Amino acid sequence: MDLSAYLVLDPGLCAGLGMVETARAAVAGGVGVVQLLHEQAGTAEMIEIGRALRVALEGTGAALVINDVVAAAVALRADGLHIGQGDMAVKKARSAIGPEMLLGLSVENQAHARAVDPHVVDYVGVSPVFGTPTKSDHAPPVGIDGLRRIVEICPVPAVCIGGLGPQHAGDVIGAGAAGLAVVSAVCGRPDPAAAARALGSAIAEARK
Ligand SMILES: Cc1ncc(COP(=O)(O)OP(=O)(O)O)c(N)n1
Ligand SMILES: Cc1nc(C(=O)O)sc1CCOP(=O)(O)O
Ligand SMILES: [Mg+2]
């Protein structure tokens, strides 16, 4: 899974174009992972949207990750499941999804990072780097220095999320992150493909 440019879909921000078309455009613009996050959807609706996303992503090489809803991830044979600290025990998630599906875990501080078991978790989402209106109940922002310390501790690759856009690629890649996860930098933009391209270019530039 190429974690460099990681799109987290938000149904509200994607209301204009829709989540499937937003994902299609973002992947055309170079996004490597699409996470379906829909707090209001039950399992059946997650599966229905996930199936449409699967069709849209087919043949692109982009990965489909399901947020929180283990049964939907399993039913869809998704590429990954992403859970937070309060969602469920990581070992329970791993036994539900089996050994092949990638498991992502949110980490919000150094203690969370120290507790990551690399035999169970494949990548972490360090969250949030900056405050963001996209998620109302986020943990205190860790900032770039906090991100660097968390990445140093984590035994698995780290993407980071929260208030990020192309303008932050230099700082977060410099801090050791494997990629940037974004919502509003792509969702709801007039041209999500161009927004994704701008993100990818900034990441490529940061890695030079
Ligand atoms: C890549 C990535 N990182 C962090 C999160 C946040 O997940 P979580 O803490 O479970 O919060 P919710 O988004 O589920 O409310 C994420 N979704 N993706
Ligand atoms: C989905 C999500 N999780 C977060 C966390 O801190 O756990 S912040 C967030 C939303 C990030 O949105 P934007 O890119 O628009 O700032
Ligand atoms: Mg969650």
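Atoms within each ligand, like the ligands themselves, are counted from 1 in listed order. Remember, it's a predicted structure, so these values are computed and weren't measured experimentally.
Applying the 4.0 Å criterion to heavy atoms of P128 picks out, from ligand 2, the atoms 6 (O). In the vicinity of D68, heavy-atom distances shorter than 4.0 Å reach the ligand 1 atoms 10 (O), 14 (O). Distances below 4.0 Å separate heavy atoms of T134 from the following atoms of ligand 2: 10 (C), 12 (O), 13 (P), 15 (O), 16 (O). Annotation for ligand 1: atoms under 4.0 Å from non-hydrogen atoms of Q35 are 1 (C), 2 (C), 16 (C), 17 (N), 18 (N). Every atom of ligand 2 with a heavy atom of S184 under 4.0 Å away is listed here by number and element: 13 (P), 14 (O), 15 (O). Using a 4.0 Å cut-off to heavy atoms of V182, the atoms of ligand 2 that qualify are 14 (O). Taking every non-hydrogen atom of G125 and a distance limit under 4.0 Å, the qualifying atoms of ligand 1 come out as 3 (N). Close approach of ligand 2 to T132 is summarised as follows: ligand atoms under 4.0 Å from at least one heavy atom of the residue are 8 (S), 12 (O), 13 (P), 15 (O), 16 (O). Proximity to I161 (heavy-atom distance under 4.0 Å) selects the following atoms of ligand 1: 3 (N), 4 (C). Here is the list of ligand 1 atoms found below 4.0 Å of a heavy atom in K135: 8 (P), 9 (O), 11 (O), 12 (P), 13 (O), 15 (O).
Only side-chain heavy atoms of L37 come within less than 4.0 Å of ligand 2; its backbone N, CA, C and O stay farther off.
For ligand 2, the polar-atom distance check finds an N/O of G163 within less than 3.5 Å of one of the ligand's N/O atoms. At least one N/O-N/O distance between E39 and ligand 1 falls below 3.5 Å. Residue-to-ligand polar distances place V183 within reach of ligand 2: an N/O pair is separated by less than 3.5 Å. Residue contacts with ligand 2: E108 is placed with no nitrogen or oxygen under 3.5 Å of a nitrogen or oxygen of the ligand (distance criterion only). At under 3.5 Å, not a single nitrogen or oxygen of H138, backbone or side chain, sits near a nitrogen or oxygen of ligand 2.
The shortest side-chain heavy-atom distance between I144 and V129 falls under the 4.5 Å cut-off.
Contact record, M1 with D79: CE-O, 4.0 Å, taken as the closest heavy-atom pair. A pairwise comparison of heavy atoms in L13 and T134 identifies CD1-CG2, 4.1 Å as the closest pair. Here the closest heavy-atom approach between residue L36 and residue G50 is recorded as CD2-N, 3.9 Å. Shortest non-hydrogen contact noted between M46 and A72 is CB-CB, 3.7 Å. Taking every heavy atom of both residues into account, V116 and P118 meet most closely at O-CD, 3.4 Å. In this structure, V156 and D122 approach most closely via the heavy-atom pair CB-O, 3.5 Å.
D87 contributes OD2 as its N, O or S atom closest to the Mg ion (ligand 3). Closest to the Mg ion (ligand 3) among the N, O or S atoms of D68 is OD1.
Salt bridge R148/D171: absent, no basic N to carboxylate O contact under 4.0 Å. At a threshold of 4.0 Å, the pair E152-R149 does not count as salt-bridged, since none of the basic side-chain nitrogens sits closer than that to a carboxylate oxygen. Between R51 and E48 there is no salt bridge, since no side-chain nitrogen of the basic residue lies less than 4.0 Å from a carboxylate oxygen of the acidic one.
Between atom 11 (C) of ligand 2 and the options N67, V142, V126, I161, the minimum heavy-atom separation is to I161. Summarising the contacts of atom 7 (O) of ligand 1 with G84, G104, S106, the nearest heavy atom is found in S106. In this structure, of M88, H82, E108, H138, the residue bringing a heavy atom nearest to atom 1 (C) of ligand 1 is H82.
Closest to atom 10 (O) of ligand 1, if we only count protein heavy atoms, is D87 OD2, 2.9 Å. The nearest protein atom to atom 5 (C) of ligand 2, hydrogens excluded, is given as S127 CB, 3.4 Å; this is a heavy-atom distance. Here the heavy atom of the protein found nearest to atom 13 (O) of ligand 1 is L37 CD1, 3.1 Å. Among protein heavy atoms, atom 4 (C) of ligand 2 sits closest to K135 CD, 3.4 Å.
Heavy atoms of A139 come nearer than 4.0 angstrom to ligand 2 in no pair at all.
With hydrogens and angles ignored, the 3.5 Å screen pairs a side-chain donor or acceptor of R54 with a backbone N or O of R77. Remark: side-chain polar atoms of R189 are paired, donor with acceptor, to backbone N or O of S184 under 3.5 angstrom. At distances below 3.5 Å, not a single donor-acceptor pair connects side-chain atoms of E108 with backbone N or O atoms of P140. A distance-only check finds a donor-acceptor pair linking the side chain of H138 to the backbone of T132 [under 3.5 Å].
The aromatic rings of Y6 and H82 sit perpendicular to each other, their planes meeting at more than 60°, with 30° as the lower class boundary.
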